[in-house]
Amino acid sequence: MAADYRTPDRLLPAAAEEPAAPPGPPPKPVLSAPAVPAATHDGLRFWQYMLAGSVAGVVEHTAMFPVDTLKTHMQAGAPPCRPALSLGAALRNAVAGEGGALALYRGLPAMALGAGPAHAVYFSVYEFAKSALTDRFGPNNPAAHAASGVLATVASDAVFTPMDTVKQRLQLTSSPYTGVGHCIRTVLRDEGLGAFFVSYRTTVVMNAPYTAVHFATYEAAKRILGDMAADEESLAVHATAGAAAGALAAAVTTPLDVVKTQLQCQGVCGCERFSSSSIGDVFKTIIKRDGYSGLMRGWKPRMLFHAPAAAICWSTYEASKSFFERFNEERRK
């Protein structure tokens, strides 16, 4: 049987308690047919997973976008004459220029253009990979959940990385770009198409362990919380498990996120330009310039972003799935 977010071994006792069917003719096949797709994988279709994931991604990133802007300000490579920003200094720096507090939302359209399709790919690949792997390795297998997450992130990063690069550059103080279209045209003209993907390798290397830790932690935390909660499928369980998963995964992968940000913002607003996009070379440059502490720059806003963002994302995703389950059930009646 394919994987299901509801814990299968906890569903078995309820099934065992059902009274035995009375003797008589077997039930009509048409009555049991609709239960097959629902039992195999939540009864949802491919496009429904994509739409649920897309909605979750846009809601998550929109809600937490100002915190992401502060992280970008802290992580972008500052010129040697400018000290690294603290969280408070990053906030003051971000709102001091043109636009005031609205400057915290610079780059939001780029995020929306990238996050929707990327999360649609992310969750649909995850669901179907988890279904296939747990068919082979059994339900509640952490390795299957982690591998599914890695496959999902490799696919979604190819979709999101170009718009993430645009978003990061627009978030910088005194950004030379007036908007998404202007940034895309300018980068294409001055740096070529490859500039949009210069951080893809770093993003995958970062997000593969991030996603593996995130999904494995989420599934494990959801089972533990489900054992303690009256309703294992409540939004509170999903939100709490998602927050724990997001915070842990964010802390583990902060150094790679610093590399990604500095590659994406190089040459803009005084940020240092690297001679190579090699992760090892960028690590060495950052350590030489800022010390090992430079690799943890922005860890506070990163965790402040990912803990609530993951909670918002997972609860929105599960709520969207529940909506589609009810929708499909109504259509089958």
Side-chain angles (χ1 to χ4, degrees), residues 5 52-72 74-75 87 111 114-116 118-123 125-127 130 142 145-157 160 164 167-168 202-226 229 232-261 295-321:
Y5 274 109
S54 180
V55 170
V58 172
V59 170
E60 166 201 1
H61 283 278
T62 301
M64 301 304 300
F65 195 81
V67 180
D68 184 64
T69 298
L70 297 181
K71 178 189 74 71
T72 299
M74 294 178 69
Q75 289 184 340
L87 182 58
M111 179 282 300
H119 278 74
V121 171
Y122 188 87
F123 280 105
V125 171
Y126 173 71
E127 291 286 359
K130 188 177 78 167
H145 296 152
S148 300
V150 171
L151 292 174
T153 200
V154 169
S156 66
D157 283 343
F160 187 61
D164 189 43
K167 172 190 74 70
Q168 298 262 61
T202 305
T203 302
V204 170
V205 171
M206 174 187 71
N207 282 343
Y210 174 90
T211 311
V213 173
H214 184 118
F215 279 109
T217 304
Y218 172 75
E219 298 287 354
K222 193 175 68 170
R223 286 200 309 275
I224 294 171
L225 292 169
E232 64 183 27
E233 290 300 307
S234 69
L235 288 182
V237 169
H238 292 302
T240 305
L248 179 60
V252 169
T253 57
T254 293
L256 286 166
D257 191 54
V258 173
V259 173
K260 175 184 77 74
T261 298
L295 295 175
M296 292 303 294
R297 184 184 294 176
W299 69 270
K300 289 180 181 178
R302 181 166 165 77
M303 290 188 69
L304 287 173
F305 176 93
H306 281 284
I312 293 169
C313 185
W314 277 110
S315 55
T316 303
Y317 179 61
E318 297 290 351
S320 299
K321 282 176 57 179

Going through the checks in order, is the side chain to side chain contact (heavy atoms under 4.5 Å, CB included) test met by W299 and Q75? CA-CA 9 Å; W299 69 270; Q75 289 184 340; over 6 Å; no
Atom pair [atom1] ([X]) and [atom2] ([Y]), whose distance is rounded to the nearest 0.5 Å:
| X | Y | atom1 | atom2 | answer |
| --- | --- | --- | --- | --- |
| I312 | H306 | CD1 | NE2 | 12.5 Å |
| D68 | M111 | CG | CE | 8.5 Å |
| L248 | Y218 | CG | OH | 15.5 Å |
| L70 | M64 | CG | CE | 10.0 Å |
| E127 | F123 | CD | CZ | 8.5 Å |
| K222 | H145 | NZ | NE2 | 8.0 Å |

For T69, check side-chain hydrogen bond (donor to acceptor under 3.5 Å, both in side chains) against everything at least two apart and list the hits.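 T69 satisfies side-chain hydrogen bond (donor to acceptor under 3.5 Å, both in side chains) with Q171 only.
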Could I get the full list of side-chain hydrogen bond (donor to acceptor under 3.5 Å, both in side chains) partners for N207, not counting sequence neighbours?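 By the side-chain hydrogen bond (donor to acceptor under 3.5 Å, both in side chains) rule, N207 matches D157.
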If you look at every heavy atom in [X] and [Y], which pair is closest and at what distance?
| X | Y | result |
| --- | --- | --- |
| A251 | M296 | O-CE, 4.3 Å |
| V67 | P301 | CG1-O, 3.2 Å |
| A155 | V121 | CB-CG1, 3.7 Å |
| A118 | F160 | CB-CB, 3.5 Å |
| A245 | T217 | CA-CG2, 3.7 Å |

Verdict with reasoning, L304 to L87, per side chain to side chain contact (heavy atoms under 4.5 Å, CB included): CA-CA 11 Å; L304 287 173; L87 182 58; 4.1 Å; yes
Inter- and intrachain pairs under salt bridge (charged side-chain N to carboxylate O under 4.0 Å, His left out), touching residues 234-258, at least two apart: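 Salt bridge (charged side-chain N to carboxylate O under 4.0 Å, His left out) check on residues 234-258 returns K71-D257, D257-K260, D257-R302.
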Indicate every side-chain donor-acceptor pair of residues 52-59 with a distance under 3.5 Å to a residue at least two apart or in another chain.
| from | atom 1 | to | atom 2 | distance (Å) |
| --- | --- | --- | --- | --- |
| S54 | OG | G116 | O | 3.2 |

Run T153 and Y122 through side chain to side chain contact (heavy atoms under 4.5 Å, CB included) and show every step you take. CA-CA 6 Å; T153 200; Y122 188 87; 4.1 Å; yes
Name all residues meeting the side-chain contact (heavy atoms from CB on, under 4.5 Å) criterion together with A221; count only those two or more places apart in sequence or in a different chain, and write none if there are none.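 Listed in chain order: A241.
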According to side-chain contact (heavy atoms from CB on, under 4.5 Å), who are the partners of A239, at least two apart in sequence or on a separate chain?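 If we apply the side-chain contact (heavy atoms from CB on, under 4.5 Å) test to A239, skipping adjacent residues, the hits are A311, S315.
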Please test S156 against Y126 for side chain to side chain contact (heavy atoms under 4.5 Å, CB included), starting from the C-alpha separation and ending with a verdict. CA-CA 10 Å; S156 66; Y126 173 71; over 6 Å; no
Kindly say whether A115 contributes a backbone atom to a donor-acceptor pair with the side chain of H119 at under 3.5 angstrom?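 Looks like yes, one N/O pair under 3.5 Å.
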Side chain of S148, backbone of K130: donor and acceptor closer than 3.5 Å?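 Between the backbone of K130 and the side chain of S148 there is a qualifying donor-acceptor contact (under 3.5 Å).
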Does any donor atom in the side chain of E60 or T316 lie under 3.5 Å from an acceptor atom in the other side chain?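 There is no such pair between these side chains.
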